[in-house]
Amino acid sequence: MTVSKIQAIRYARHERKAAENFIGGDDHASDMPLDYYVWAIHRDGAPPIVVDTGFGAEAAERRGRTLLRPVDQALRAAGVDPAAVEDVIVTHMHYDHAGSLDLFPNARFHIQDREMAFCTGRAMGHGVMRAAFDVEPVTQMVRRIFADRVKFHDGSATLFEGVRVHHVGGHTAGLQIVEVATARGTVVLASDAAHLYANLVRRIPFPIVVDVAVYLDALDRIRAMAPSIRHIIPGHDPLVLALFPAEEGRKDVVRVDLAPLDWPEELQ
Ligand SMILES: [Zn+2]
C-alpha cells in the first residue's frame with residue numbers, strides 16, 4: 001500500500017499584517033494573510049488519512065476568522081468522506097488543528113505524548129500559553145482516550161508504509177510533523193513548525209512559540225528530512241494554494257505530492 005496523493009485543503013482565512021507573523025515584527029506594513037488547511041493522504045486500497053481537523057463556525061466567529069467552507073464540506077469536495085476516515089493525525093492541539101474532532105466518528109487520533117501532557121497540564125494555567133487552545137477540543141480528546149480512540153506516539157513512529165510522524169516541538173511542546181513518501185520524494189507536512197515559507201527562510205519564528213531554540217532546531221530537522229524546500233508544506237501559507245497544482249475543478253484543493261508549478265526565487 002503506497003501513498004497515491006496528498007491534498008492540502010483550505011477551509012478558512014485570516015487577513016492580517018506581516019508584522020503579526022514574525023517574532024520581533026516586520027519592517028513592512030504589508031498584508032500577509034494566513035490560510036487554514038487540513039491535509040488528506042490518499043492510499044490505494046485503504047481509507048485516506050486526515051492530518052488535522054480544522055475548526056468550526058463557533059470558533060471562527062469568536063476568533064474573527066473567515067470560515068470559507070465548513071471542514072466536512074471541504075473534505076467531501078476533495079473526495080474524503082469523514083465518516084470513512086479511520087486515522088487522523090493531530091499535529092498539535094491548537095483550536096485550528098484539533099477543533100473538529102467530532103467530524104470523525106470512526107477515527108483513531110494520533111498524537112504525541114508531550115502534546116497531551118502540555119495541553120492538560122500546568123502550562124494551561126497561563127493565559128498566554130493557552131490562548132490558541134480551546135478547552136472543548138482538549139476535553140473531547142480526553143474523552144477519546146477513555147474510549148480507546150487515541151494512539152499516543154513518543155518521538156518518531158511509522159504509522160503506515162510511507163507515512164511517519166516525528167515529534168519536533170517548538171511551536172507547542174508536543175508538535176509533530178508528518179513525513180510522507182511520494183513519487184517525487186519525501187514530502188514533509190510541517191504544520192505549524194513553520195506557518196509560512198517566510199518563517200522557514202528567514203529563520204524567524206511565528207510569534208506563538210513555547211521554545212524558540214527548539215523551534216529553530218525543528219526547522220533544521222525539516223530541512224534535513226526534505227530533498228528541497230519545494231517538498232516542505234507549511235501550516236498556513238497562501239503560497240501553497242498558489243504554487244501547487246489544483247485538484248481538477250477545485251480552487252481550494254491542491255496536490256502537494258506533485259511538484260509545484262512555479263517557485264519564487266526568494267524561497268530557497
Ligand atoms: Zn495553526
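Residues: numbered from 1 along the sequence shown. Atoms within each ligand, like the ligands themselves, are counted from 1 in listed order.
- Between the Zn ion (ligand 1) and the N, O or S atoms of Asp192, the shortest distance is to OD2.
- His236 places a side-chain N or O within donor-acceptor distance of the main-chain N or O of Asp35, the cut-off being under 3.5 Å.
- With 2.8 Å as the limit, His236 counts as an N, O or S neighbour of the Zn ion (ligand 1).
- Taking 2.8 Å as the criterion, His97 counts as a coordinating residue of the Zn ion (ligand 1), since one of its N, O or S atoms falls below it.
- Crowding of Glu248 atom CD: a count of heavy atoms from other residues, nucleotides or ligands under 6.0 Å not exceeding 12.
- Of all heavy-atom pairs spanning Gly54 and Val71, the tightest one is CA-CG2, 4.1 Å.
- Asp96 has its closest N, O or S atom to the Zn ion (ligand 1) at the position named OD2.
- Checked by atom type, the side-chain pair His94/Asp192 shows no donor-acceptor distance below 3.5 Å.
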